[in-house]
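Okay, structure first, notes after.
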2 protein chains.
Amino acid sequence: MPLSRETEASRRGIPEATVARLPIYHRVLAHLAERGVATVSSEELAAASGVTSAKLRKDLSHLGSYGTRGVGYDTEYLVYQIARELGLSQDWRVVIVGVGNLGHALANYGGFASRGFRVVGLVDADPTRVGEKIPAGRDGETVEVSPLVELENVVLDGEASIGVIATPASAAQAVCDRLVAAGVTSILNFAPAVLSTPVGVDVRKVDLATELQILAFHEQRKHPEVRA
Amino acid sequence: MPLSRETEASRRGIPEATVARLPIYHRVLAHLAERGVATVSSEELAAASGVTSAKLRKDLSHLGSYGTRGVGYDTEYLVYQIARELGLSQDWRVVIVGVGNLGHALANYGGFASRGFRVVGLVDADPTRVGEKIPAGRDGETVEVSPLVELENVVLDGEASIGVIATPASAAQAVCDRLVAAGVTSILNFAPAVLSTPVGVDVRKVDLATELQILAFHEQRKHPEVRA
DNA sequence: AGATGTGAACCAATTCACAGCA
DNA sequence: TGCTGTGAATTGGTTCACATCT
C-alpha cells in the first residue's frame, strides 16, 4: 500500500523525547489561543516553550505537517492536533493512593481536571483519614477517602486505568502490585522506591529528593571552594 | 602533566544522564548498608536500582574505579563516594515559596532533611497563612511562614542557594526573578510555567500534569479502539 | 573463576543548513 | 521573501563483549 494517507511521518513511533515536550507546547498554545493569538511562528512558540526553534519544528514534524510555510502555525488548529495526539480528548480516570499532604495537593490540583484527568478514587491506610471528603476537580466536587482494603474495588468501580502512588516508600511496591492486579496499566510514583511491574504497565516516577540532589550536584560545581 | 592522579575518568564532566541516576544508586546503597550488606555486585545493585548492569558499571566508571574485580563494590565505601560526588556532605539551605498543599508537603518531606537539605525559609503571599509554624525537617523543628515582601530577607538571612517555587503559574516568573536577585542560583519549579533565568542559574522543573499526560499518551496507544 | 572497567558498535536525540512551498 | 519541514552531520547515551585484575 504505497499511498497511505498518514502524512508519511506520523503514525508509529513518536520519539519519547518529543512526547515529553508535547504537553508544554500544548499548554503554551492554549494560553496563546485564549489570548486571541491566531498564528505563531516556530521561533515564537519555541521561545515561549523554552526550546530552540529547530527542535520545535522537528518535534512537530513527527505529528504531521500542520504549519504553513512563510506564515507559521494556526494556534487553534495546532492546539487541537496536539491534544488529539496526547489523548486529551478522552477523560482519564485516576486513583490516588496515599492522602497525606502530597496526596491532598494532587487531589485538588487544578491542572488535572482541566486536562481531562478525573480523580475517581482516594485511598489511605490511616483509619482516621478514611471517610474524609476531599475537594477534587474544579467544580466543588468532592471524593471520599476509602480504606486500603477497598483499593481493588475503588479501581474497579471507578474504572481507573491510571494510579498515583503517594504513600511512604515502604508501602509502594505492595500498593503497586494491587493496583496492577486490579487493572491499572499506568502508574505515577511519588514514593522514593524502585517499582517492578509486568510488561505492559508503564511507570513514571517523580522523586523530589532526587531533583534537589541533581541541583546540588551542579550547585557544588559552581563554587570550586574545596577542591580536595 | 601526563601523570595526574585523577583516575583518568573522573574530574570534569560526568554525563548528565549519569548524574540523574546517582541519587538512586545512593539511596539503594544506603538501604543495603543499613541492612548490613557489606558488598554488592553490579548485577545486584543494578537490579535493585532498575537499570542494567552495564549501565551501572559505565555510570560508576565516571566517578572512578571503586570496585574490586571478581568481588564487587564495598557498600559503605561506594555510598560515601557517591555522596561526596553529589555534594551530600554539605548542607544545602532551601527556601520554599508558596505554602499551599504542595508547599506543605515539601516542607515536611522527610527525604529532604535526611539528605542534607534544610528548609531555612517559607514564604507565602496569603496573609492568613503568614505566621503559621510548619514542621520542617525530622526533629520537630518548625519554620514560620513569612510574607511575600520578606522574600529577599528570608533568602539572605537563611543564606539559601536553592529556591523551590510552589506558587500558581501566574506568580512563578516574578518569584523566580526575586529569588535570583537575592542570590539563589538553583531553582526547583513546580509551577506549570516556563521560567527564564540568567546563565549560571539552574532550573529543574517538576510538572505533575505533564507527567500524567505522558502516561496518557502511552495508555492511549495500548488500546487501539478508535483508529480514526 | 568471577566480576569490574572500558573500547567499539550501536542507537537516539539534537543541531545544522537549506530545499521547497505559500 | 519568509518560514516550514527535513535530510545530513553531530553529539550524547546505551549496549556489547572482552581484556584485565583480584
Side-chain angles (χ1 to χ4, degrees), chain A residues 5-22 24-25 29 32 37-75 77-79 81-82 85 214 217-218, chain B residues 5-22 24-25 29 32 37-75 77-79 81-82 85 214 217-218:
Chain A
R5 184 74 304 104
E6 314 211 296
T7 345
E8 191 56 40
S10 67
R11 290 304 125 195
R12 270 322 61 196
I14 294 178
E16 193 52 38
T18 296
V19 172
R21 284 186 294 265
L22 289 180
I24 298 157
Y25 304 150
L29 282 164
L32 291 173
V37 177
T39 239
V40 271
S41 68
S42 64
E43 201 67 62
E44 293 162 338
L45 181 51
S49 305
V51 300
T52 66
S53 65
K55 194 185 276 184
L56 176 95
R57 288 200 303 278
K58 181 69 90 180
D59 282 342
L60 294 184
S61 77
H62 294 297
L63 314 191
S65 193
Y66 296 142
T68 307
R69 288 163 202 243
V71 177
Y73 302 90
D74 181 279
T75 315
Y77 184 55
L78 188 55
V79 81
Q81 291 299 342
I82 294 177
E85 196 67 54
I214 295 170
F217 172 84
H218 294 296
Chain B
R5 183 71 307 101
E6 313 210 298
T7 344
E8 191 55 40
S10 68
R11 287 306 124 192
R12 266 326 60 199
I14 294 178
E16 194 51 38
T18 296
V19 172
R21 284 186 294 265
L22 289 179
I24 298 158
Y25 305 150
L29 282 164
L32 292 173
V37 178
T39 238
V40 273
S41 67
S42 64
E43 202 66 63
E44 293 161 338
L45 181 51
S49 305
V51 300
T52 66
S53 64
K55 193 185 275 186
L56 177 94
R57 287 200 305 278
K58 182 69 89 179
D59 281 342
L60 294 184
S61 77
H62 295 297
L63 314 190
S65 193
Y66 297 142
T68 308
R69 291 164 199 243
V71 178
Y73 302 91
D74 181 280
T75 314
Y77 184 55
L78 188 54
V79 81
Q81 290 299 342
I82 294 178
E85 196 66 54
I214 296 170
F217 172 84
H218 293 296

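Convention: sequence-line order gives letters A, B, ...; per-chain numbering from 1. For the numbers below, each heavy atom of this structure counts, side chains included, while hydrogens, waters and symmetry mates do not.
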Between B/L63 and B/L22, is any pair of side-chain heavy atoms under 4.5 Å apart? yes
Can you tell me how far P of D/dC16 sits from CG of B/L56, to the nearest Å? 15 Å
Whole angstroms only, please: what is the OH-C1' distance between A/Y66 and D/dT6? 17 Å
Less than 4.5 Å apart, side chain to side chain, heavy atoms only: is that true for B/L78 and B/L45? yes
A/R57 vs A/Y73 side-chain heavy atoms within contact, under 4.5 Å: yes
From the options C/dG7, D/dG7, D/dG5, select the nucleotide whose nearest atom is closest to the side chain of A/R57. D/dG5
What's the closest nucleotide to the side chain of B/A17 if the choices are D/dT4, D/dC21, D/dG13? D/dG13
How do A/P15 and B/A54 order along DNA chain C: which one's closest nucleotide is nearer the 5' end? B/A54
Does A/Y73 put a side-chain nitrogen or oxygen below 4.0 Å from OP1 or OP2 of C/dA22? no
From CG of A/D59 over to P of D/dT6, roughly how many Å is that when rounded to an integer? 13 Å
At under 4.0 Å between heavy atoms, what does A/T18 touch on the DNA or RNA strands: base, sugar-phosphate, or nothing? nothing
Going by modelled atom types, is there a donor-acceptor pair between the base of D/dT22 and the side chain of B/R69 at under 3.5 Å? no
D/dT22 phosphate, OP1 or OP2, under 4.0 Å from B/T68 side-chain N/O: no
Side-chain N or O of A/S41 versus OP1/OP2 of D/dC3: is the shortest distance under 4.0 Å? no
Separation of atom CG in A/D74 from atom P in C/dA22, rounded to whole Å: 16 Å
Would you call A/Y66 and A/L60 a side-chain contact if the rule is heavy atoms closer than 4.5 Å? no
Value in whole Å for how far the C1' atom of C/dT15 lies from CZ of A/R21: 12 Å
In whole angstrom, what separates A/K55's NZ from D/dA9's P? 21 Å
Using whole Å, report how far CD of B/E16 lies from P of D/dG13. 8 Å
Check the phosphate of C/dT15 against A/T52, side-chain N and O only, distance under 4.0 Å to OP1 or OP2. Yes or no? yes
Quickly work out the B/K58 NZ to D/dG12 P distance and round it to whole Å. 15 Å
Measure the shortest side-chain to side-chain distance between B/L32 and B/V79 over non-hydrogen atoms and say whether it is less than 4.5 angstrom. no
